[in-house]
Novice: 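What follows is a single structure, and I will ask about it in a moment.
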Amino acid sequence: MPKRSSKDVPGQGNAKKPKPSGHWAMGLLNTMKDPKYIVKTDDLVTVIKDVYPKAKFHFLVIPKEDISNLKAVTSKHLDLLKHMEKVGGEIAGENKGSNFKIGYHAEPSMIRLHLHVISDDMDSVCLKNKKHWNSFTTDFFVKSEEVIKSLEDNGKVVLPSKEECKKFMETPLKCHKCSVIPKNMPDLKKHILTHLEK
DNA sequence: GTTCTAGAAC
DNA sequence: GTTCTAGAAC
């Protein structure tokens, strides 16, 4: 039996309703139109800077086609996903001196498929809590190449379950570059500075 | 996604 | 008393 949510509206069957355009989950669609954040575009994608970057460099490659998330991705999108990864690799290549990770969040908060292209320093004032950290340093972060492989092998994108995602987010803090276990977020943020190039 | 803040942790 | 985390936001 499905759990009843406080958002359920009696007598309306609780069909999926589109979110109002002012809702925070629609934020990416607005940012895509803001020249201040647009890095580049082509026929298929828009590349923007993340409004709240979680590292020194943090870009998002977003398809112009209205694809809400990975669950809506099918084999017909294979070429698009390959193109997104290629564009992401190009953006990364334009910022030599940093190593990049290119992938998707298993359970994104924002509407519209978006590929993260993020430098691995994780040094940013916007990275504030455990959820931020674990969303990029555990398997909650699914590499683009794995998403593409999954689509090729299975005809759809196989993702971690809701329970697995919850476990990823509850993973104790750990440095992504060494074996250090920080005691809390401020400690972790200080520690990662020791891995920066001098 | 972020902001705010109560109460836990120190 | 201050720092830090984690859950609500109508």
Side-chain angles (χ1 to χ4, degrees), chain A residues 3-12 14-39 45-64 66-73 84 88 101-119 121-142 144 147 159-160 162-176 180-193:
Chain A
K3 271 188 293 186
R4 190 166 291 280
S5 153
S6 61
K7 288 172 187 159
D8 289 357
V9 179
Q12 295 190 10
N14 302 314
K16 293 267 184 189
K17 296 179 286 293
K19 299 199 189 312
S21 62
H23 193 278
W24 58 262
M26 308 286 287
L28 285 184
L29 280 65
N30 298 320
T31 308
M32 280 175 78
K33 299 177 203 156
D34 188 341
K36 186 177 161 195
Y37 291 102
I38 297 173
V39 175
V45 301
T46 301
V47 182
I48 62 171
K49 288 188 277 191
D50 194 298
V51 177
Y52 296 93
K54 303 303 188 296
K56 288 184 186 296
F57 300 99
H58 188 180
F59 306 100
L60 301 175
V61 182
I62 309 173
K64 289 183 172 175
D66 185 13
I67 304 168
S68 65
N69 55 48
L70 286 175
K71 290 176 187 168
V73 166
M84 289 170 66
K101 295 196 283 193
I102 300 180
Y104 301 86
H105 280 158
E107 278 184 347
S109 299
M110 310 281 272
I111 297 295
R112 184 60 66 88
L113 185 66
H114 53 284
L115 176 64
H116 292 271
V117 180
I118 184 167
S119 56
D121 49 83
M122 308 310 287
D123 177 25
S124 167
V125 292
C126 296
L127 197 158
K128 296 180 175 178
N129 58 45
K130 187 181 205 174
K131 183 171 179 177
H132 291 154
W133 183 261
N134 283 339
S135 75
F136 290 101
T137 62
T138 69
D139 286 341
F140 187 88
F141 187 85
V142 187
S144 174
V147 167
L159 293 166
K162 191 185 292 185
E163 290 71 26
E164 286 173 308
C165 286
K166 192 178 174 212
K167 278 186 182 172
F168 292 144
M169 291 319 232
E170 290 170 353
T171 304
L173 296 176
K174 181 193 169 302
C175 178
H176 61 319
V180 162
I181 308 291
K183 68 174 188 291
N184 55 31
M185 278 304 297
D187 194 24
L188 172 58
K189 287 182 68 67
K190 264 181 264 172
H191 169 75
I192 60 174
L193 299 179

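Hydrogens, waters and symmetry mates are skipped; everything else that's a heavy atom, side chains included, is used. All figures in this text were calculated on a predicted structure; none of them were measured in a lab. Just so it is clear: chains get the letters A, B, ... in the order the sequence lines come, proteins before strands, and each one is counted from 1.
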Novice: Is the charged tip of A:K54 near the ring of A:F136: under 6.0 Å from the six-membered ring centre and within 45° of its axis?
Specialist: no
Novice: Please determine whether a side-chain nitrogen of the Lys or Arg among A:K56 and A:D123 lies less than 4.0 Å from a carboxylate oxygen of the Asp or Glu.
Specialist: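 Yes, this pair counts.
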Novice: Please state whether the rings of A:H114 and A:H116 are parallel, tilted or perpendicular, taking 30° and 60° as the class boundaries.
Specialist: perpendicular
Novice: Identify the pairs formed between an N or O of the protein and an N or O of nucleotides 1-6 of chain C at a distance under 3.5 Å, and give each distance.
Specialist:
from, atom 1, to, atom 2, distance (Å)
C:dT5, OP1, A:M185, N, 2.8

Novice: Now, which nucleotide makes the Watson-Crick or G-U wobble pair with B:dA9, with each of the two distances under 3.5 Å?
Specialist: C:dT2
Novice: Tell me which one of A:I48, A:V47, A:L29, A:T31 satisfies side chain to side chain contact (heavy atoms under 4.5 Å, CB included) with A:I62.
Specialist: A:I48
Novice: A:H132 near the nucleic acid: base, sugar-phosphate alone, or nothing, with a heavy-atom cut-off under 4.0 Å?
Specialist: sugar-phosphate
Novice: Please report the closest heavy-atom contact between A:N69 and A:L113, naming both atoms and the distance.
Specialist: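 A:N69 and A:L113 have their closest heavy atoms at C-CD1, 3.9 Å.
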